[in-house]
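Here's the structure we're looking at; comments come further down.
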Amino acid sequence: MSQTPITIPKQPVLKPAEDYYYLRRTGIGFIEQMGSRLWTDYNPHDPGITILEALCYAITDLVYRLGWDMKDILAPATPSSDPSQPFPNQAFFTAREILTINPCTPGDFRRLLIDLEMVRNAWVFCKACACDLHYYAWCEEEQLMLSYQKPINPNLPFKKVDPLGLYEVLLELEADPVLGDLNDRKIEQTVFVKDSDNNQYPLTLELRFPAWELLDQQPYLDFIHFNTTTKAFTRKITSITLEKLSRSKTANNTVAETELTRYWRDVFYASLKITFDSGPALLIENAALRLFGNEVSKKALQVNDPVASPFQYSIESILCQLPPDAQAVIGFVQQYRHKLLKIAQAVAKAKTTLHAHRNLEEDYCRVKGVDVEDIAVCADVEVAPDADIERVQAQIWFELAQYFNPPVPFYTLQELMD
């Protein structure tokens with residue numbers, strides 16, 4: 001049986017869509033027919049002809065690729081060595097790659113941020129001046145003069161000018177499975193105390209650290225400085241001491257056990273001093289402390305180190321627990337340190353993403369986490385006799401959370417098409 005010889009013909013028979021010169025001649029013919037009154041130069045130097053030639057080439061290239069065998073269209077000849085991307089140059093794209101464009105409006109930038117793994121919600125505000133920086137302008141000798149400071153001479157006809165194109169960004173971060181809610185400054189831990197019969201009872205301590213961004217930032221930036229090479233904090237914690245535990249921020253004395261029992265439901269204020277293997281110590285002042293537990297827990301808790309007894313615990317030993325190593329998330333201070341680091345990493349990622357898509361003549365003054373607003377709800381609920389009380393209570397809490405802070409809905413491509 002004879003086989004068709006594999007040759008390259010000197011004058012191949014092309015389809016109209018494959019013939020570049022045919023498409024070029026036909027295109028110029030349409031131009032002559034429709035616009036010869038205004039367009040008479042059809043030489044290669046004309047920009048319109050250049051555009052026509054690019055279009056003709058694109059058509060021939062597309063038709064050439066459509067003539068490929070289906071297996072050559074779907075996959076390259078040799079798979080990639082990366083097992084996660086066996087066919088990196090395949091001809092199909094996901095909806096995220098092929099349908100989206102660069103963000104332009106504040107709403108677009110909000111969607112861009114929400115798509116980040118650690119961001120639950122985001123708000124982008126366009127302000128006259130988000131960073132409180134003003135210019136003062138006045139005309140002198142028919143020239144516009146600008147200054148960062150208000151002119152001292154009151155006779156100068158100056159006017160305050162606010163630059164446009166600045167944004168302020170607020171981020172609500174996703175909860176961390178280990179560190180909890182990344183949007184607040186609260187660290188909560190529970191220990192179990194024992195009575196004389198060896199029964200265990202939970203004792204919960206909730207410590208709310210001060211807003212470090214309102215304080216001197218440099219000590220806190222040193223506190224969370226992380227070495228990406230060694231995967232550890234630059235400064236290792238060597239000791240944590242309870243400097244003060246008082247009932248008010250202004251008091252200098254430490255409360256006694258009798259006050260601790262008497263004002264059990266009130267808020268106490270703890271000051272912790274943290275020393276490191278290098279550099280100055282860090283003093284965290286007036287962190288709000290709340291205690292939760294029954295009468296057994298109340299009697300078992302002391303302020304300072306307790307006497308040698310298996311039934312007594314101290315606030316000092318719980319708050320000042322040292323981590324065994326730099327990676328362990330153990331103790332109030334170490335948890336707070338990891339929490340600040342996680343927040344800083346999320347904000348840095350958001351800043352990098354925003355600047356990678358920043359429009360011309362626009363910039364971001366502040367990118368930070370959104371402040372948490374505590375809300376108290378009081379209600380009397382009447383339930384059916386056979387109701388599951390804990391389930392009802394959980395459902396109420398869930399509905400309140402959904403109402404005050406609803407999550408951003410995500411839809412699949414098919415749901416959006418439907």
Side-chain angles (χ1 to χ4, degrees), residues 176 178-180 182 184-193 203-227 230-249 251-257 259-260 267-293 297 300-309 312-344:
D176 186 84
V178 177
L179 302 172
L182 296 179
D184 59 26
R185 305 181 304 274
K186 180 178 67 176
I187 301 295
E188 186 178 288
Q189 290 188 2
T190 301
V191 297
F192 290 90
V193 301
L203 169 63
T204 300
L205 288 81
E206 176 190 287
L207 193 64
R208 293 188 180 225
F209 289 88
W212 69 273
E213 62 270 13
L214 301 179
L215 307 173
D216 185 6
Q217 293 194 20
Q218 191 56 47
Y220 283 86
L221 293 176
D222 295 338
F223 178 56
I224 64 172
H225 191 270
F226 193 77
N227 191 325
T230 61
K231 303 297 182 182
F233 290 101
T234 305
R235 298 203 295 166
K236 180 181 179 182
I237 299 176
T238 56
S239 68
I240 304 172
T241 55
L242 179 63
E243 296 289 298
K244 182 186 69 172
L245 181 66
S246 58
R247 294 189 55 239
S248 67
K249 294 182 178 180
N252 293 321
N253 63 306
T254 296
V255 299
E257 276 73 20
E259 292 181 276
L260 193 68
V267 177
F268 298 90
Y269 295 93
S271 296
L272 302 172
K273 183 179 180 181
I274 308 168
T275 57
F276 306 90
D277 57 352
S278 62
L282 174 63
L283 180 61
I284 300 177
E285 296 184 284
N286 297 320
L289 175 66
R290 296 188 66 189
L291 308 170
F292 303 93
S297 304
L301 189 64
Q302 306 293 318
V303 176
N304 301 109
D305 287 332
V307 296
S309 171
Q312 288 187 335
Y313 296 80
S314 73
I315 292 180
E316 183 180 27
S317 62
I318 298 174
L319 296 184
C320 301
Q321 184 179 6
L322 277 175
D325 56 71
Q327 294 301 314
V329 188
I330 296 177
F332 279 88
V333 172
Q334 185 73 345
Q335 268 195 265
Y336 179 55
R337 195 183 198 186
H338 277 273
K339 196 169 191 176
L340 288 180
L341 176 63
K342 200 83 170 181
I343 295 171

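Sequential numbering from 1 along the given sequence is applied to the chain's residues.
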Distance in Å, [X] [atom1] paired with [Y] [atom2], rounded so as to fall on 0.5 Å steps:
{"X": "Tyr220", "Y": "Leu340", "atom1": "OH", "atom2": "CG", "result": "8.5 Å"}
{"X": "Ile343", "Y": "Ile224", "atom1": "CD1", "atom2": "CD1", "result": "8.5 Å"}
{"X": "Leu205", "Y": "Ile318", "atom1": "CG", "atom2": "CD1", "result": "5.0 Å"}
{"X": "Glu259", "Y": "Asn253", "atom1": "CD", "atom2": "CG", "result": "6.5 Å"}

Partner residues of [X] under the side-chain hydrogen bond (donor to acceptor under 3.5 Å, both in side chains) criterion, sequence neighbours left out:
{"X": "Ser239", "value": "Thr275"}
{"X": "Gln189", "value": "Gln335"}
{"X": "Glu206", "value": "Arg208"}
{"X": "Ser271", "value": "none"}

Minimal non-hydrogen separation, [X] against [Y], with atom names:
{"X": "Leu242", "Y": "Cys320", "answer": "N-SG, 3.5 Å"}
{"X": "Ser248", "Y": "Ser246", "answer": "O-OG, 2.7 Å"}
{"X": "Pro323", "Y": "Ile330", "answer": "CB-O, 4.1 Å"}

| Pairing residues for Tyr336 by the ring pair (Phe, Tyr, Trp, His ring centres under 6.0 Å) criterion, not counting sequence neighbours | Phe209

| task | Would you mind listing every salt bridge (charged side-chain N to carboxylate O under 4.0 Å, His left out) that reaches into residues 234-247, with sequence neighbours excluded? | result | Arg247-Asp266

| task | Among residues two or more places apart or on two chains, list those pairs meeting salt bridge (charged side-chain N to carboxylate O under 4.0 Å, His left out) that have a residue in residues 328-342. | result | Asp176-Lys342, Asp184-Lys339

Taking the side chain as C-beta and beyond, is there a heavy-atom pair between [X] and [Y] under 4.5 Å?
{"X": "Leu260", "Y": "Val303", "answer": "yes"}
{"X": "Phe276", "Y": "Ile237", "answer": "yes"}
{"X": "Leu301", "Y": "Ile315", "answer": "yes"}

In residues 280-293, what donor-acceptor pairs under 3.5 Å come from side-chain atoms, sequence neighbours left out?
none

| field | Derivation and outcome, ring-ring contact (aromatic ring centres under 6.0 Å, His included), residues Phe233 and His338 | value | CA-CA 9 Å; Phe233 290 101; His338 277 273; 5.1 Å; yes

| said: So, applying side-chain contact (heavy atoms from CB on, under 4.5 Å) with Leu272, which one of Leu245, Thr241, Val333 is it? | reply: Val333

